[in-house]
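Take a look at the structure below.
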Amino acid sequence: GREHHKHFAIGVGLCCNPNTTTNAVAMLLEARKTAPTFRKVVARETKRDDVVQFLLSDRSEAVKEQAKQTLTQIRDIARRA
C-alpha cells in the first residue's frame, strides 16, 4: 500500500544520496529480504559509482544488468564533461 511505496522511495533516496555511507547502503542492499525490484530501481536511479559497483555483483541477473547499463551511462556522462 501507501506505506510500502513511501518506504520504498525513502530507501531508494538513501541509497542514491551521496551523503549516505557506503556501509549503510550495503546494509540496505544486501539484506536477504531486500526485493530484487528495489535493488534494480536503486541500480537504475543512482549516480553513485560505489553503489553501482556493489550492485554489479548482485545475486539477481536483472539487477546486475541494470547496474551495467547505469555504469555505462555514468561513464558516458563523465566522458562528455
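Quick caveat, the model's predicted, so the values are computed rather than measured.
- The side chain to side chain contact (heavy atoms under 4.5 Å, CB included) search around Ala67 returns Ala43, Val52, Leu55, Leu56, not counting sequence neighbours.
- Listed by chain and number, the residues in a ring-ring contact (aromatic ring centres under 6.0 Å, His included) with Phe54 amount to none (sequence neighbours excluded).
- Heavy atoms only, all atoms of each residue included: Val51 and Cys15 are closest at CG2-O, 3.6 Å.
- Contact of the Gln73 side chain with the Asp76 side chain is not registered, since no non-hydrogen atoms from C-beta on lie closer than 4.5 Å.
- Counting all heavy atoms, side chain and backbone alike, Thr46 lies closest to Thr70 at O-CG2, 3.4 Å.
- Applying the side chain to side chain contact (heavy atoms under 4.5 Å, CB included) criterion to Lys6, with sequence neighbours excluded, gives Glu3, Ile10.
- Shown here are the side chain to side chain contact (heavy atoms under 4.5 Å, CB included) partners of Asn19, two or more places apart in sequence or in another chain: Asn17.
- Side-chain heavy atoms closer than 4.5 Å link hydrophobic residues (I, L, V, M, F, W, Y) into clusters, and following such links, even through other members, never connects Met27 to Val42.
- A salt bridge (Lys or Arg N to Asp or Glu O under 4.0 Å) check over residues 26-35, counting only residues at least two apart or in different chains, returns nothing.
- A distance-only check finds a donor-acceptor pair linking the side chain of Thr34 to the backbone of Leu28 [under 3.5 Å].
- The stretch residues 49-65 participates, sequence neighbours left out, in these side chain to side chain donor-acceptor pair (under 3.5 Å) pairs: Thr22-Asp50, Arg39-Asp58, Arg48-Asp50, Glu61-Lys64.
- Minimum interatomic distance between Lys47 and Arg44 (heavy atoms only, all atoms of both residues): NZ-O, 3.9 Å.
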